[in-house]
Amino acid sequence: MIFNKDTAKKTAEVLLQVNAIKLSPKEPFTWASGWSSPIYCDNRIVLSFPLIRNYICETMAKQIEKQYGKPDVIAGVATGAIGIGMLVANYMGLPFIYVRPDAKGHGRKNQIEGFIESGQNVVVVEDLISTGKSSLNAVKALKEANINVKGMIAIFTYGFEVATENFNKEAINLQTLSNYESLLEQALDTDYISEKELQTLSEWNSDPAKWNAN
Ligand SMILES: O=P(O)(O)OC[C@H]1O[C@H](OP(=O)(O)OP(=O)(O)O)[C@H](O)[C@@H]1O
Ligand SMILES: O=C(O)c1cc(=O)[nH]c(=O)[nH]1
């Protein structure tokens, strides 16, 4: 799913540089999927660092154009990818919309926010893929509104089989700047994690749905 090993390494390097990677094996994080995890990759932090967000934005924009051509609109998955998606759209000179997990219960009751017309082409921007459920939920909403989803791009994926299966099932192409393997390699090389932490992270990664902290 990563498109280039050098980009995967460089992206892992910048994520580590801004401390986006949090480890807490004793008090695990709860993920959107309900899984417990000793690691949390908080890509939202990238937005607070102009040079780093520019790197992510330019790399995503260039890859979108290469892989999918220029779409009519960029769509961000709320809330994590609203910021980076908007930067990408701006860089490419394109309109931007974002997709909520559900329709709002009040106001205009929109799930898709912004202006888009039936039949337009979009590329969906996501900050992170674990199971892919949130991203594919956004794709479903777009398809139901007769929007043509050309594909998706995300900063990071854990590379879980379940995500690959979910994307294949929906026939959605996913490109990511980096992945778990590149992150662990870079984290070990730079002493961000110890050999012991690497062992915990590898054990967790072999069966994340069932992992529990001891
Ligand atoms: O691939 P998945 O298993 O769906 O998990 C990944 C999703 O989890 C995070 O969102 P979260 O639900 O934490 O909300 P946020 O974007 O509003 O922070 C992240 O931004 C992804 O959208
Ligand atoms: O699956 C999630 O909820 C999730 C995992 C992670 O590492 N980072 C994040 O923002 N969300």
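Start at 1 and go down the list; that is how both ligands and their atoms are numbered.
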Colleague: Is there any N or O on A32 that sits under 3.5 Å from an N or O of ligand 2?
Modeller: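 Yes: some nitrogen or oxygen of A32 is under 3.5 Å from one in ligand 2.
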
Colleague: Specify side chain, backbone, both or neither for C41, according to which of its non-hydrogen atoms lie closer than 4.0 Å to ligand 2.
Modeller: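 C41 to ligand 2: contacts from backbone and side chain alike.
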
Colleague: In terms of the angle between their ring planes, are F156 and Y180 parallel, tilted or perpendicular, with boundaries placed at 30° and 60°?
Modeller: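 F156 and Y180: perpendicular rings.
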
Colleague: Which residue holds the protein heavy atom closest to atom 21 (C) of ligand 1, what is that atom called, and what is the gap in Å?
Modeller: L128 O, 3.5 Å

Colleague: Can N110 and Y98 be counted as having a side-chain donor-acceptor contact under 3.5 angstrom?
Modeller: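 Per modelled atom types, N110 and Y98 side chains form no pair under 3.5 Å.
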
Colleague: Without hydrogens or angle criteria, can the side chains of S202 and N205 be said to hold a donor-acceptor pair below 3.5 Å?
Modeller: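 Result is no, nothing qualifies.
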
Colleague: Could you pull out, from Y158, F156, W31, W35, the option with a heavy atom nearest to atom 2 (C) of ligand 2?
Modeller: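 Of the listed residues, W31 has the closest heavy atom.
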
Colleague: Under a 4.0 angstrom heavy-atom cut-off, which atoms of ligand 2 come close to R44?
Modeller: 10 (O)

Colleague: Distance only, no hydrogens: is a donor on one side chain within 3.5 Å (strictly under) of an acceptor on the other, for Y68 and N173?
Modeller: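 Side-chain D/A pair, Y68 to N173: present.
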
Colleague: Relative to the ring of F160, is the ring of Y158 parallel (under 30°), tilted (30 to 60°) or perpendicular (over 60°)?
Modeller: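 Rings of Y158 and F160: parallel, under 30°.
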
Colleague: Quick one: which ligand 1 atoms are inside 4.0 Å of a heavy atom on A32?
Modeller: 8 (O), 12 (O)

Colleague: Out of R100, E126, K133, R44, indicate the one that has the non-hydrogen atom closest to atom 13 (O) of ligand 1.
Modeller: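 Minimum heavy-atom distance to atom 13 (O) of ligand 1 goes to R44.
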
Colleague: Kindly check if the number of other-residue, nucleotide or ligand heavy atoms within 6.0 Å of NZ (K140) is above 12?
Modeller: no

Colleague: So, does D42 sit close enough to ligand 2 that a heavy atom of it is under 4.0 Å from the ligand?
Modeller: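 Distance cut 4.0 Å: D42 fails for ligand 2.
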
Colleague: In terms of hydrophobic clusters joined by side-chain contacts under 4.5 Å, are I2 and V46 together?
Modeller: no

Colleague: Which residue owns the protein heavy atom closest to atom 7 (C) of ligand 1, what's the atom, and how far is it?
Modeller: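 So the nearest neighbour among protein heavy atoms is S134 OG, 3.5 Å.
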
Colleague: For ligand 2, find out whether one of its N or O atoms is nearer than 3.5 Å to an N or O atom of D127.
Modeller: no

Colleague: Is a donor on one side and an acceptor on the other found under 3.5 Å between the side chain of E197 and the backbone of S194?
Modeller: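 Looks like yes, one N/O pair under 3.5 Å.
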
Colleague: Look only at the side chain of Q63 and the backbone of F3, and say whether a donor-acceptor pair between them is shorter than 3.5 Å.
Modeller: no

Colleague: In this structure, are over 12 heavy atoms from other groups packed under 6.0 Å from K22 atom NZ?
Modeller: yes

Colleague: Can you sort out which atoms of ligand 1 are near T131, meaning under 4.0 Å from one of its heavy atoms?
Modeller: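 Listed by number with element, the hits are 1 (O), 2 (P), 3 (O), 4 (O).
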
Colleague: Under 4.0 Å from a heavy atom of L128: which atoms of ligand 2 are those, numbered in the order shown and with their elements?
Modeller: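 Matching atoms, with element in brackets: 4 (C), 5 (C), 6 (C), 7 (O), 8 (N), 9 (C), 11 (N).
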
Colleague: I'd like to check which ligand 1 atoms, numbered from 1 as shown, lie under 4.0 Å from a non-hydrogen atom of G132.
Modeller: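 In order of number, 1 (O), 2 (P), 3 (O).
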
Colleague: To which protein heavy atom is atom 1 (O) of ligand 2 closest, and what is the distance rounded to 0.1 Å?
Modeller: S130 OG, 2.7 Å

Colleague: Record the part of T79 in heavy-atom contact with ligand 1 below 4.0 Å; permitted values are side chain, backbone, both and neither.
Modeller: both

Colleague: Taking NZ, NE, NH1 and NH2 as the nitrogens, is one of them in K5 or E185 under 4.0 Å from a carboxylate oxygen of the other?
Modeller: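 Salt bridge flag = yes for E185 with K5.
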
Colleague: Which residue and non-hydrogen atom of the protein lie closest to atom 16 (O) of ligand 1, and at what distance in Å?
Modeller: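 Result for atom 16 (O) of ligand 1: G80 N, 2.8 Å.
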
Colleague: Specify the protein heavy atom at minimum distance from atom 19 (C) of ligand 1: its residue, its atom name, and the distance to 0.1 Å.
Modeller: D127 OD1, 3.5 Å

